[in-house]
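To start, the structure under review is shown below, and the notes come after it.
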Amino acid sequence: MAKHADLLARHRGVMPSWMPIYYDQPIALVDGEGRHVVDAEGNRYLDFFGGILTTMTGYRVPRVVEAVQAQAARMPHTSTLYLIEPQIELAERIAELSGIPNAKVFFTNSGTEANDAALMMATQFRSSDQILALRNSYHGKSHSTVAVTGQASWSATALSPFNVTYVHSGYRLRSPFGGLPEEEFVAACVDDLRDLLAVATSGDVAAMIAEPIQGAGGFVVPPDGFLGALKDVLDERGILFIADEVQTGWGRTGDHFWGYQAHGIVPDLLTFAKGLGNGVPIAGVVGRADVVESLPANSLSTFGGNPLATTAALANLEVLFEQDLQENARVQGRALKKGIEAIASRVPDLAEVRGKGLMIGVEFARPGSLEPLPRLTDRVLDAARAEGLLIGKGGFHRNVLRIAPPLSITETEVADGLAMLERAILAATRAEEDPERSA
């Protein structure tokens, strides 16, 4: 098998330069079991990022592997032009789990496609191309989802199929309202939304799309009830609410199965992806029947909801519920966050630890100024890998560690990961302070 240097050279020869790769010396992951993975050179790591929150129940989960193997041996694919029993069964389960009355489901291959479909449904239903999105948001890589993404570093084009107005998110650390008490902060954001609707839109807005916890934005957690307060304003005007649950769904936040449930609302449309297939591509949108049914022409998804993907998802959900992994996310997530907060108490450059369940953001900024420290964040990322721990990175300023292990993480693995993370942070901060080592 080719070593990492050879793979990197070949990668650069055929892949576009705008595809980011982690680490100064990138690695290829070739095997995994439980919460651990192995790279192409035989190095073993504890995975605290799970393919960007996609490996939800762990690697090489027997029930999921067996289900995929059995289905692949029979019928891996038929299109939606035919009845697909596991697709129907999965849709029934998701419709019930969504909390949306009389819901209907449309399957796609990725979160990008799911958000694209939801935006198409909402704009058609409301006969409007006006969309509200949150600042610091990320919703995908297609033309329409880039158009509603509130981060310049992920906006590949300024051209847009929508008229988009960006409203305040719940990012208190960097908000101009952030110094207010929580209740006043929410009220200020609501007042600003009302003002924007009056001065920046023509009034007939189709929908607001929002992540309950902003993923690529650095695992930003708004106050509980924040989205509910915004939705009260939307409801006054008949504006739809789309909950982008691509990263927050399936119990990852611990306290709730869906992120929207922390805000006392029920969305009109909900998009899902990532962990559902535990690595097998599957995503979709579930929503009010009248909104989903509003499309006037035929539509299908050649690969969306195929027998292989839906069979994998059904098996994965069985593991999720039988092992009560939402509760495990709650318990282990609290332990993990508490441990990182203890590290932060000794590291002045660590500005904030935030998150819910197994979705934790660690933001680095210069003390007293909130000047982002992306180079330090990169050093921690590399130092963690050297320790044997894989974590993610994000944030508007690329200065946030994203920590999101599989929901099956154990107490021992949390302790091991914390020890590796602490060593990595301390080593990186020492290097940052030493001019010779940071050169």
Side-chain angles (χ1 to χ4, degrees), residues 98-106 108 111-151 154-155 157-169 189-190 192-212 214 226-246 259-260 263 265-273 283-299:
S98 74
I100 301 172
N102 303 312
K104 290 204 171 183
V105 182
F106 177 72
T108 64
T112 291
E113 292 179 51
N115 284 330
D116 187 86
L119 290 164
M120 181 167 59
M121 294 171 187
T123 51
Q124 173 63 30
F125 183 78
R126 291 276 292 159
S127 299
S128 168
D129 68 349
Q130 296 185 90
I131 296 292
L132 301 174
L134 301 190
R135 301 171 194 181
N136 197 53
S137 60
Y138 176 83
H139 297 290
K141 62 185 182 298
S142 69
H143 193 201
S144 72
T145 54
V146 164
V148 297
T149 286
Q151 291 192 65
W154 289 107
S155 297
T157 175
L159 303 176
S160 173
F162 304 121
N163 288 313
V164 184
T165 301
Y166 291 99
V167 305
H168 281 286
S169 71
C189 292
V190 168
D192 188 72
L193 172 59
R194 291 186 185 279
D195 186 59
L196 284 172
L197 286 170
V199 304
T201 76
S202 65
D204 59 338
V205 175
M208 172 184 280
I209 184 169
E211 305 158 274
Q214 293 185 323
F226 177 81
L227 294 178
L230 297 185
K231 190 174 184 300
D232 286 342
V233 179
L234 307 183
D235 289 345
E236 295 169 3
R237 295 162 171 80
I239 300 170
L240 301 177
F241 182 82
I242 304 170
D244 179 345
E245 298 271 3
V246 168
Y260 80 75
H263 300 274
I265 59 174
V266 176
D268 300 292
L269 295 167
L270 181 156
T271 58
F272 56 86
V285 54
V286 53
R288 284 170 37 188
D290 57 337
V291 180
V292 174
E293 296 279 17
S294 66
L295 300 184
N298 293 328
S299 189

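Among residues two or more places apart in sequence or in another chain, the side-chain contact (heavy atoms from CB on, under 4.5 Å) test is passed with Ala229 by Val186, Val190. Listed by chain and number, the residues in a side-chain contact (heavy atoms from CB on, under 4.5 Å) with Asp290 are Phe125, Arg288 (sequence neighbours excluded). Every residue meeting the side-chain contact (heavy atoms from CB on, under 4.5 Å) condition with Ser142, not counting sequence neighbours, appears here in chain and number order: Thr112, Asp116, Ser144, Thr145. Checked against salt bridge (Lys or Arg N to Asp or Glu O under 4.0 Å), Arg237 has no partners two or more places apart in sequence or in another chain. Contacts of His263 classified as ring pair (Phe, Tyr, Trp, His ring centres under 6.0 Å), with partners at least two apart in sequence or in another chain: none. Listed by chain and residue number, Ser128, Gln130, Ser202 satisfy the side-chain contact (heavy atoms from CB on, under 4.5 Å) test with Asp204 (two or more places apart in sequence, or in another chain).
Taking each heavy atom of Pro101 and Gly99 in turn, the nearest pair found is CD-O, 3.6 Å.
The CE atom of Met121 sits 12.0 Å away from the CG atom of Leu240 when rounded to the nearest 0.5 Å. Note: Leu230 CG to Arg194 CZ = 10.0 Å, rounded to the nearest 0.5 Å. To the nearest 0.5 Å, atoms CD (Glu245) and CG (Leu270) are separated by 5.0 Å. The structure places OG1 of Thr165 at 10.0 Å from CZ of Arg135, a figure rounded to the nearest 0.5 Å. Here Ile242 contributes atom CD1 and Ile209 contributes atom CD1; the two are 5.0 Å apart, rounded to the nearest 0.5 Å.
The only member of Leu132, Asp192, Val167 that meets side chain to side chain contact (heavy atoms under 4.5 Å, CB included) when paired with Leu197 is Leu132.
Residues Gln214 and Gln151 have side chains not in contact (no heavy-atom distance under 4.5 Å, counting atoms from C-beta outward). Annotation: side chain of Ile100 is in contact with side chain of Pro267 (closest heavy-atom distance under 4.5 Å). Residues Glu211 and His139 form a side-chain contact, since some pair of their non-hydrogen atoms from C-beta on lies under 4.5 Å apart. A heavy-atom distance below 4.5 Å is not found between the side chains of Val292 and Val285. Under the 4.5 Å side-chain criterion, counting only non-hydrogen atoms from C-beta, His143 is in contact with Leu159. Taking 4.5 Å as the limit, some side-chain heavy atom of Phe272 sits within range of a side-chain heavy atom of Val286. Contact of the Lys141 side chain with the Thr149 side chain is not registered, since no non-hydrogen atoms from C-beta on lie closer than 4.5 Å.
Judged by distance alone, the side chain of Thr123 and the main-chain N or O of Asp129 form no donor-acceptor pair under 3.5 Å.
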